[in-house]
Amino acid sequence: MADKRDYYEVLGLSKGAGDDEIKKAYRKLAKQYHPDLHPGDKECEERFKELSEAYEVLSDSDKRARYDQYGHAAFDPESGFGGGAGGFGFDDLGDILGNIFGGGFGFGGSSGRRNGPMTGENARVGISISFEEAAFGCSKEISVARIEDCDDCTGTGCESGYSPETCPDCSGTGSVRTQQRTPFGVMAATSPCRRCNGTGKIISHPCSKCSGKGKVRRQRKLNVNIPAGIDDGQTISLRGQGHAGTNGGGKGDLLITVSVKAHPLFERDGASVLFEMPISFAQAALGAELEVPTLDGKVKYTLPEGTQTGSVFRLRGKGIPYLNSSGRGDQYVTVTIVTPKNLTHEQKELLRSYAEAVGEAEGIKPGVKNIFEKKKKKK
């Protein structure tokens, strides 16, 4: 735990950072260090894992509160702080008394649930998609390593033809109850059964494939549908596609975090697409029929006369589809007048003639000169 960097430091944030700041910082750094952009670079891979771990904690209000109070120890099962958010629960109290007196004390702690059904843990995987795939959705094949029931023993842990036996010491409960004399009087305590290690079952003939564990780790390939409109850093949950549960418990979920690659032309702001369109001075002054790139291909737009650099026009319905909804955002096009370079002698003369014609021979437009004159009069 001592080697871990502070999660706020990992994302380059102060402790009081807001949710939007956390998301923005993660998205920026995740793009920079994503393994797909640095194949074979172990340092970038580790950095990306560090960023994902920090974001997972700080983006969750409950986990963040625990982290702010206890630091990394909040998620260390050996630290004593992992049992609840912001303090000790009944489970922790049972463990503390058990450490002092040698057993669990019936406060609903983990010892009483050892052989009960437990849902499997969530599996996590990252996926990288293009800007267009995020906008319109796509189907992707992903590979995930997850814990599954052993096929040979169907999760029992026994060789074929055998079944687990009920532990005679605990009668299958997984725990034994004892009485101890303490300075506070005689107290009844429960502790995990030593014979069956708290499982309530004895496996006399363990499965050769899983060594009696009943579980194996497998690499699986799954097809996942990425919904239209998903944004960078968002997570898709596939129910029941995570790690296998124990004692009849259900499977966990598969959490797929999406990373969206940058586009060479477009930027995204929510459901809006932003695009910067270079135009010439002549087009700005005289107006023009432009062909504007969009996610649907090029569309025509009539630029009015006298358009100024920095002007923004909107193309309705040419943005990103709304996630899990109908309709689309808009595309906003900012025009930028490009100053020509390497003009010929003839072109320069034509511009000088234009400047003289509109009174710009002194290098200042008449409109700008009038502004200066108004300011002088006010003084």
Side-chain angles (χ1 to χ4, degrees), residues 11 18-39 44-45 47-61 63-64 122-146 220-242 251-275 293-297 314-333:
L11 295 177
D19 293 342
D20 290 341
E21 292 178 274
I22 292 171
K23 182 178 180 180
K24 186 176 181 180
Y26 169 72
R27 289 174 60 181
K28 179 181 177 182
L29 293 170
K31 283 183 180 180
Q32 182 178 347
Y33 292 101
H34 199 283
D36 287 352
L37 301 178
H38 307 278
C44 282
E45 184 178 341
R47 183 81 170 94
F48 183 77
K49 289 180 180 178
E50 184 183 41
L51 289 166
S52 299
E53 181 180 325
Y55 180 70
E56 180 185 353
V57 172
L58 298 184
S59 62
D60 185 299
S61 58
K63 291 181 180 179
R64 183 179 179 183
N122 294 333
R124 297 179 181 274
V125 68
I127 185 172
S128 181
I129 61 176
S130 70
F131 194 94
E132 289 87 353
E133 288 174 329
F136 299 119
C138 61
S139 179
K140 288 285 186 179
E141 185 180 70
I142 61 172
S143 180
V144 57
R146 64 185 184 186
R220 292 289 191 186
K221 289 187 176 180
L222 302 172
N223 286 319
V224 55
N225 291 320
I226 309 297
I230 197 165
D231 206 349
D232 185 69
Q234 290 185 322
T235 298
I236 302 168
S237 177
L238 296 185
R239 298 282 185 187
Q241 293 295 335
K251 295 180 180 179
D253 299 333
L254 175 59
L255 305 180
I256 306 164
T257 301
V258 176
S259 175
V260 181
K261 298 175 184 176
H263 195 281
L265 297 179
F266 307 122
E267 289 187 13
R268 177 174 176 175
D269 183 10
S272 301
V273 171
L274 311 180
F275 174 65
T294 72
L295 290 173
D296 303 303
R314 179 169 62 176
L315 300 177
R316 294 183 182 275
K318 294 299 180 182
I320 305 291
Y322 296 118
L323 183 63
N324 299 323
S325 183
S326 60
R328 292 175 62 174
D330 303 324
Q331 177 169 323
Y332 293 88
V333 182

If you compare all heavy atoms of [X] against all heavy atoms of [Y], which two are closest, and at what distance to 0.1 Å?
| X | Y | value |
| --- | --- | --- |
| Thr257 | Gly233 | CG2-O, 4.0 Å |
| Lys63 | Val57 | CB-O, 3.6 Å |
| Gly319 | Leu295 | O-CD1, 4.2 Å |
| Tyr26 | Ser52 | OH-OG, 3.6 Å |
| Ile129 | Cys138 | CG2-SG, 4.4 Å |
| Ala135 | Ile320 | CB-CD1, 3.7 Å |

Flag for Arg47-Gln32: side-chain donor and acceptor within less than 3.5 Å: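 Short answer, no.
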
Measure the shortest side-chain to side-chain distance between [X] and [Y] over non-hydrogen atoms and say whether it is less than 4.5 angstrom.
| X | Y | result |
| --- | --- | --- |
| Ile142 | Leu254 | yes |
| Asp232 | Ser259 | yes |
| Thr294 | Val273 | no |

For side chain to side chain contact (heavy atoms under 4.5 Å, CB included), just list the numbers for Asp231 and Arg268, CA-CA rounded to whole Å, side-chain angles, deciding distance to a tenth of an Å, and then say yes or no. CA-CA 9 Å; Asp231 206 349; Arg268 177 174 176 175; 3.8 Å; yes

Trace of the side chain to side chain contact (heavy atoms under 4.5 Å, CB included) decision for Glu50 with Leu29: CA-CA 11 Å; Glu50 184 183 41; Leu29 293 170; over 6 Å; no

Under the side-chain contact (heavy atoms from CB on, under 4.5 Å) test, which residues partner Leu323, sequence neighbours left out?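 side-chain contact (heavy atoms from CB on, under 4.5 Å) check on Leu323 returns Pro227, Ile230, Gln234.
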
Measure the spacing between [atom1] of [X] and [atom2] of [Y] and express it to the nearest 0.5 Å.
| X | Y | atom1 | atom2 | result |
| --- | --- | --- | --- | --- |
| Tyr33 | Lys28 | OH | NZ | 10.5 Å |
| Asp19 | Asp60 | CG | CG | 10.0 Å |
| Ser143 | Ile127 | OG | CD1 | 11.0 Å |
| Asn225 | Ser139 | CG | OG | 4.5 Å |
| Leu11 | Ile22 | CG | CD1 | 7.5 Å |
| Asn122 | Lys251 | CG | NZ | 13.5 Å |

Considering the options Lys140, Glu141, Gln241, which one meets the side chain to side chain contact (heavy atoms under 4.5 Å, CB included) requirement together with Leu222?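 The single option meeting the side chain to side chain contact (heavy atoms under 4.5 Å, CB included) with Leu222 is Gln241.
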
Answer yes or no: is there an ion pair linking Arg328 with Asp296, defined by an N-O contact shorter than 4.0 Å?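 Result for this pair is yes, salt bridge flagged.
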
Does this structure show an ion pair linking Lys49 with Glu45, if we count only N-O contacts that are shorter than 4.0 Å?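 Yes, this pair counts.
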
For Phe266, enumerate each residue passing the ring pair (Phe, Tyr, Trp, His ring centres under 6.0 Å) test, keeping only those at least two apart in sequence or located in another chain.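 Per chain and number, Phe266 pairs via ring pair (Phe, Tyr, Trp, His ring centres under 6.0 Å) with His263, Phe275.
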
Check the pair Lys261 / Ser128 against side chain to side chain contact (heavy atoms under 4.5 Å, CB included), numbers first and verdict last. CA-CA 7 Å; Lys261 298 175 184 176; Ser128 181; 3.2 Å; yes

